[in-house]
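Below is one structure, written out as structure tokens; comments come after it.
A note on names: the letters A, B, ... follow the listed sequences, proteins ahead of strands, and every chain is numbered from 1. The figures that follow rest on heavy atoms only: side chains count, while hydrogens, waters and symmetry mates do not.
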There are 2 protein chains.
Amino acid sequence: MPRAVASALYEKVRKEIMRRVFENEYEVGTPLPSAAKFAEEFGVSNITIKRALRDLQHTGLLRSFPGLGTFVRERRMFIHDLGFPFASFGDAQRLGLKQGVHLLSVTRERIHQSLFSEFETPTEKMHCVRNIISADGTPIMIDTSYLPPSFSNSVGDLGGKLASDALRDHGEHFHTARILVAANPASDEAQKAFAIPNGYPTLRRIYQLTTSNSSLSIFGISESPFDCLACLVELEVSK
Amino acid sequence: MPRAVASALYEKVRKEIMRRVFENEYEVGTPLPSAAKFAEEFGVSNITIKRALRDLQHTGLLRSFPGLGTFVRERRMFIHDLGFPFASFGDAQRLGLKQGVHLLSVTRERIHQSLFSEFETPTEKMHCVRNIISADGTPIMIDTSYLPPSFSNSVGDLGGKLASDALRDHGEHFHTARILVAANPASDEAQKAFAIPNGYPTLRRIYQLTTSNSSLSIFGISESPFDCLACLVELEVSK
DNA sequence: GAGTGGTCTAGACCACCCT
DNA sequence: GGGTGGTCTAGACCACTCC
């Protein structure tokens, strides 16, 4: 049963730098010592330092900019209450934060079955709307919503708002939300949208919203970098 | 606005190997070509190949064993229905899978406040029970439960069972579960317990169980590798 | 002994940012 | 020009597994 390196040089370096960051030994806004400086201090190779720094980027602790240096990453975590399944503008105001919805694309696509294996999804081509949702100016979530073709007469309405709002505009209200919450390495889209590295942990919500109109379901996926968003749920336990 | 490398050699290699795995070009159980073979095939350095393979380990696609080779990682995903907040043996049987609970440690610790910032936790020293939960023989979850000191007369009971079961043994039943679901890079404990690399995405549930006895709350954290467990929740939407 | 992956180094080049 | 991080290479050593 292999694994566990722990004794590696880059691990020692990583843990020491991590400790310093947690002890606030580096000011946010000013760069950490350069890789060359660290290499001299720790008495190890340049490359070993870079390896440690890269690992710390992958866990969200640091962020490097070529030509500028390496910085402590500032975090701002938002809590998404699943009791209000999909933050709409009303919810955002309630939470006291400025929410923005930025349209990425409107296309016609089939639902990616492998992601929705826990759901019964239609196989026909759906309207597919991708939005970036930001809170207080920082992007925190990329949402892909699939709406049935019956929405075709108002596709233009879909941009810049969330599926729940689009539903509302059609006079429909969803009454049940079924949500699969999972962790995942960042998708390609999330990597681009949030400028995060390959493998960066993200939180995914794969959801189905149903309305009183039984033929009308909205499916979707939301993805957020792990350090931007968490979900809260409160449950009365049956028996 | 930096970031985005995509054109890097190791990225091309990574994507090509990833494609081959998804296309089932490599049999599970037999090793992939060695780094040396890949280096020859792609016409790049040994080290560049290793970099790509390492990234693919960090996203859970591959798993390497020194002396043996690199293998496609077999995944088995369990779905945890939050409607039955904490899988007990009864729930496990209902789901038709063999659940195991393996005691790691019983200690007295204070609750780590920074992890429970969304909860109001007691500051006194609590009983702290760590268990590894496995399903069908594979470990899928490490759980840390904090129980109030009033459980002191039966600390011996805490091993090998979950907090909800311990509660039941005391004639108490929880009626509300408050759960914060988040993604995170693997904690040190999870790294050891699941033999996963630094930065591996995990799903965390930070929870509070309350009973009709208002002074009795159980707090806890569960952590699972992202490819082992997801959470499902179904909600009636108020309003 | 041969092959494997993991680590570490020295050295090089690039694109970027600042002065 | 000098500093930064990012990439890539060649070469070495180690611990491991299998034959």
Interface with DNA chain C, restricted to residues 67-74 of chain A and to heavy atoms under 4.0 Å: A/Gly67, A/Leu68
Residue list, side chain to side chain donor-acceptor pair (under 3.5 Å) with B/Ser114, at least two apart or on another chain: B/His112
Check: A/Val129 main-chain N/O paired with A/Ser145 side-chain donor or acceptor under 3.5 Å: no
Within residues 125-134 of chain A or reaching into it, pairs that qualify as salt bridge (Lys or Arg N to Asp or Glu O under 4.0 Å) - sequence neighbours excluded: A/Glu109-A/Arg130, A/Arg130-A/Glu189
Euclidean distance, atom CG of residue B/Leu62 to atom C1' of C/dG5 [Å, nearest integer]: 13 Å
For DNA chain C, the residues among residues 21-45 of chain A that have a non-hydrogen atom under 4.0 Å from it: A/Val44, A/Ser45
Protein-nucleotide distance (A/Arg14, atom CZ; C/dC8, atom P), rounded to Å: 13 Å
Residues in side chain to side chain donor-acceptor pair (under 3.5 Å) contact with B/Ser187, at least two apart in sequence or another chain: B/Glu223
Atom-pair distance (CD on B/Glu11; P on D/dG6), nearest Å: 13 Å
Whole-Å gap separating C1' (D/dC16) and CZ (B/Phe65): 13 Å
Contact list for DNA chain C against residues 47-56 of chain A - heavy-atom distance below 4.0 Å: A/Ile47, A/Thr48, A/Arg51
Selection residues 37-54 of chain A - residue pairs positive for side-chain hydrogen bond (donor to acceptor under 3.5 Å, both in side chains), sequence neighbours left out: A/Tyr10-A/Arg51, A/Arg20-A/Glu41
Under the side chain to side chain donor-acceptor pair (under 3.5 Å) test, residues paired with A/Gln113 that sit two or more places apart: A/Thr121
Short side-chain N/O contact to D/dG6 OP1/OP2 from A/Gln57, under 4.0 Å: yes
Residues which pass ring-ring contact (aromatic ring centres under 6.0 Å, His included) with B/Phe38, listed by chain and number, not counting sequence neighbours: B/Phe42
Euclidean distance, atom CG of residue A/Leu9 to atom P of C/dA10 [Å, nearest integer]: 12 Å
Rounded interatomic separation in angstrom, taking NE2 from B/His58 and P from C/dG5: 16 Å
Options D/dG5, C/dG5, C/dC8, nucleotide nearest the side-chain atoms of A/Tyr10: C/dC8
A/Ser64 side-chain proximity, nearest of C/dT7, C/dG6, D/dG5: D/dG5
Under the salt bridge (Lys or Arg N to Asp or Glu O under 4.0 Å) test, residues paired with A/Arg73 that sit two or more places apart: A/Asp227
Partner set under ring-ring contact (aromatic ring centres under 6.0 Å, His included) for B/Tyr200, not counting sequence neighbours: B/Phe226
ring-ring contact (aromatic ring centres under 6.0 Å, His included) partners of A/Tyr26, counting only residues at least two apart: none
From OG (B/Ser64) to CD (B/Gln57), nearest 0.5 Å: 3.5 Å
